[in-house]
Number of protein chains: 2
Amino acid sequence: MPSIDYSKAVIVVDRILAQAGVPDAHAVLQRDLLLDAEMRGIASHGLLRLPRIVERIANGVADPTTRGHHDWRAPGFLHVDGQRGLGPVVAQAAIDALLERASTQGVALASIANSNHIGMLGFYADRVAEAGRCLIAFSTSEALVHPWGGRRAMIGTNPIAIGLPTGNGPFMMDTATSIVSMGEVHDHANRGAPIPLGWALDGEGNPTTDAAAARDGAIAPFGNAKGYALGLAFELLVTSLAGAAIGREVKGTLDSTEVASKADLFIVIDQNLAPVAGFLDLLRAEAPAEGFSEVRIPGERGRDLRQRAIKEGIKVADVTWSRLCELAGEPALTN
Amino acid sequence: MPSIDYSKAVIVVDRILAQAGVPDAHAVLQRDLLLDAEMRGIASHGLLRLPRIVERIANGVADPTTRGHHDWRAPGFLHVDGQRGLGPVVAQAAIDALLERASTQGVALASIANSNHIGMLGFYADRVAEAGRCLIAFSTSEALVHPWGGRRAMIGTNPIAIGLPTGNGPFMMDTATSIVSMGEVHDHANRGAPIPLGWALDGEGNPTTDAAAARDGAIAPFGNAKGYALGLAFELLVTSLAGAAIGREVKGTLDSTEVASKADLFIVIDQNLAPVAGFLDLLRAEAPAEGFSEVRIPGERGRDLRQRAIKEGIKVADVTWSRLCELAGEPALTN
């Protein structure tokens with residue numbers, strides 16, 4: 001796997017986005033989002049998404065020029081028509097509006113429809129926490145997850161992220177409500193590796209360890225019935241507030257031709273917070289269980305990986321990096 | 001297990017609360033909360049909690065007369081000093097204030113400290129959903145759950161509930177972030193039954209199937225690292241907003257003598273919602289997987305059980321019902 005200088009990755013991604021007609025201020029957000037995920041080790045939400053974004057712009061289902069239309073339906077409630085904008089551009093514009101509004105209201109909420117994939121939710125949670133506020137973020141996706149006790153993919157991977165300041169840096173947690181990402185299943189299939197029993201059902205709705213069969217099936221919710229309940233509740237909440245598509249009607253997060261019909265929800269809270277950094281120190285100091293080397297704080301491993309990648313270079317899958325260099329019209333140089 | 005007429009249960013519980021000095025309007029809430037949990041099959045949050053509530057009032061760590069002090073720190077942000085009030089009384093007063101505020105603000109949030117155990121969060125979520133609004137509810141508890149990779153109980157069971165109107169009745173989801181409740185572990189210990197491996201650690205932090213040993217240990221988060229991340233994020237969010245105790249410093253949810261130092265968080269959203277009842281119908285119609293008889297909607301089994309209990313009587317554990325009759329000064333009659 002080539003290790004790419006951070007500065008070189010920025011140049012390549014920016015060139016691709018500029019060629020696709022993305023204004024500079026919007027390109028920065030889309031680039032930072034993808035690089036952030038890649039550097040935190042979440043390749044499924046990283047640079048491999050860029051070719052599809054470019055195709056979606058070319059096909060007219062993503063408009064790189066808009067930040068979305070804002071409609072304050074109440075002093076604390078913002079509805080955003082994303083106008084087919086790029087996910088992170090529309091999302092960040094909404095969050096900026098919420099940050100301003102929450103500074104007087106205490107809390108402000110945005111429901112977003114008609115916007116493209118917003119990527120790793122933790123990206124936004126981390127930034128809001130860095131700015132000293134709390135963010136609770138939700139997003140839906142195409143149906144990839146089976147209901148607990150069901151056979152078919154009926155609900156999205158429906159992640160939640162929470163970010164807050166601790167008094168000593170941000171805390172950020174970001175998790176899908178599926179047991180694993182479909183990207184991980186594809187990765188196993190590409191390597192010809194089996195998947196653990198319990199990850200997925202095949203196209204007939206039966207448990208499988210065959211990653212290739214699982215691609216046509218459904219991923220399990222994490223934590224069985226509880227994760228299903230959470231993922232479903234998030235999808236109902238986000239979708240009914242935004243007036244967006246639900247279940248198998250959601251399109252446009254994995255293809256290059258359909259208008260994106262999922263929804264997003266952000267809640268920003270602006271209040272003086274009691275510091276919780278001391279409690280996180282207590283957790284870090286806990287004796288690890290058999291088979292573990294430490295008690296981890298969610299989000300910290302990704303933050304460490306990110307720091308290291310900025311200094312030492314970003315590990316990007318060969319096929320992904322070659323494709324980006326081709327798109328950018330660059331020779332596929334490693335360092 | 002005796003089956004108790006709903007009307008008789010109401011009489012017995014109301015008498016106990018009246019004797020303890022709980023004003024009628026407050027007793028109705030505390031009674032409805034406990035009976036609701038009992039009837040939905042969540043005995044751990046049902047009538048067995050009543051003797052402890054009475055003891056807490058007698059010991060001065062619960063004040064049955066207050067609804068809590070409300071401090072609107074911003075137009076959408078209510079901080080509540082619960083003044084040691086009864087959990088459901090303080091919670092419902094806060095929710096009533098949020099419902100009114102959200103009708104003009106779109107969203108309103110309450111952080112609550114210094115209030116007693118608020119019981120099953122789904123009780124509130126169901127009521128708000130019945131009233132046509134959305135509720136997102138969180139609460140913390142004493143440390144009963146080990147961090148993923150840790151040995152000791154460091155965080156609460158930290159439940160979340162979400163309620164919303166669907167266009168055809170309410171949807172309500174309520175789940176702890178622990179794999180099981182400590183009440184369930186106690187129940188196994190009392191029956192001398194083993195617990196499944198993975199539910200809990202013993203007092204030394206090692207996996208155990210001995211329910212008695214698990215009582216002195218820690219329950220697992222549900223869904224491994226993901227459930228830990230969620231439960232921790234909820235505890236940090238709720239605690240830092242309320243300025244309450246955290247981790248092992250939380251007291252007063254399981255004993256009769258300590259001031260309750262956990263915290264609660266409610267978010268009420270008041271907006272026109274796209275109906276999602278049709279999607280729930282699609283889920284119900286899905287073919288069940290091997291070993292399942294149907295695809296269930298979270299909250300519905302409890303609602304059905306509740307309806308049946310109101311008609312046919314409430315199954316209450318012998319020991320619980322005898323204790324209540326004793327407290328009420330009634331002969332322990334079944335129907």
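Every chain is numbered from 1 and lettered A, B, ... according to where its sequence line falls, protein lines coming before strand lines.
Paired with A:Pro221 under the rule side chain to side chain contact (heavy atoms under 4.5 Å, CB included), one option of A:Val145, A:Ile155, A:Leu232 passes, and it is A:Val145. Results of the ring pair (Phe, Tyr, Trp, His ring centres under 6.0 Å) test with B:Phe138 over B:Phe234, B:Phe266, B:Tyr124 single out B:Phe234 as the only residue that passes.
Counting heavy-atom pairs under 4.5 Å between each of A:Glu235, A:Arg248, A:Met173, A:Arg296 and chain B puts A:Met173 at the top. Per-residue counts of heavy-atom pairs under 4.5 Å with chain A were compared for B:Pro298, B:Gly291, B:Gly223, B:Ser240; the largest is that of B:Ser240. Comparing B:Ala287, B:Pro275, B:Ser293 by heavy-atom pairs within less than 4.5 Å of chain A, the highest count is held by B:Ala287. Options A:Gly106, A:Pro207, A:Ala233 differ in how many heavy-atom pairs under 4.5 Å they form with chain B, and the most are formed by A:Ala233. Most heavy-atom pairs under 4.5 Å with chain B: of the set A:Ala176, A:Pro165, A:Cys134, this distinction falls to A:Ala176. Considering only heavy-atom pairs separated by less than 4.5 Å from chain A, the leading option among B:Ile267, B:Leu109, B:Thr239, B:Leu236 is B:Leu236. Interface check for chain A: of the options B:Asn224, B:Thr177, B:Thr166, B:Val295, the most heavy-atom pairs under 4.5 Å are formed by B:Val295. Contact count against chain A (heavy-atom pairs under 4.5 Å) is highest for B:Gly150 among B:Ala244, B:Gly150, B:Gly243.
For A:Phe77, the parts sitting under 4.5 Å from any heavy atom of chain B are the backbone and the side chain alike. With a 4.5 Å cut-off on non-hydrogen atoms, A:Pro147 touches chain B through its side chain but not through its backbone. Heavy atoms of B:Ile162 lying under 4.5 Å from chain A belong exclusively to its side chain. Contacts between A:Met154 and chain B at a heavy-atom distance below 4.5 Å involve backbone atoms as well as side-chain atoms. Residue A:Ser111 does not touch chain B at all, counting heavy-atom pairs closer than 4.5 Å. If you measure heavy-atom distances from A:Leu237 to chain B, the contacts under 4.5 Å come from both the backbone and the side chain. Both the backbone and the side chain of A:Glu290 come within contact range of chain B, judged by heavy atoms closer than 4.5 Å. Contact of A:Gln105 with chain B is made through backbone and side chain together, with heavy-atom distances under 4.5 Å. Looking at A:Ile269, only its side chain comes within 4.5 Å of chain B, counting heavy atoms on both sides. Using a 4.5 Å cut-off between heavy atoms, A:Glu294 touches chain B through its backbone atoms (N, CA, C, O) alone. For a residue to count as touching a neighbouring chain, one of its non-hydrogen atoms must lie under 4.5 Å from one of that chain's; by this rule B:Leu201 does not touch chain A.
Inter-residue side-chain proximity for B:Val276 and B:Leu164 is flagged as met; some heavy-atom pair is nearer than 4.5 Å. No side-chain heavy atom of A:Asp270 sits less than 4.5 Å from a side-chain heavy atom of A:Leu99. With a 4.5 Å cut-off on side-chain heavy atoms, B:Trp199 and B:Glu184 count as touching.
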For A:Ser139 and A:Asp264, what are the C-alpha separation, side-chain angles and deciding distance, and is it a side-chain hydrogen bond (donor to acceptor under 3.5 Å, both in side chains)?
-> CA-CA 4 Å; A:Ser139 188; A:Asp264 315 306; 2.7 Å; yes
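In this structure, the separation between CG on B:Leu282 and CG on B:Leu280 is 9.0 Å, given to the nearest 0.5 Å.
Using a 4.0 Å cut-off between charged side-chain N and carboxylate O, A:Arg40 and A:Asp304 make no salt bridge. At a threshold of 4.0 Å, the pair B:Asp126-B:Arg303 counts as salt-bridged, since one of the basic side-chain nitrogens sits closer than that to a carboxylate oxygen. No salt bridge links A:Glu286 with B:Arg151; every basic N to acidic carboxylate O contact stays at or beyond 4.0 Å.
B:Phe222 has its ring centre less than 6.0 Å from the ring centre of A:Phe222.
Judged purely by distance below 3.5 Å, without hydrogens or angles, the side chains of B:Lys226 and A:Thr175 pair a donor atom with an acceptor atom.
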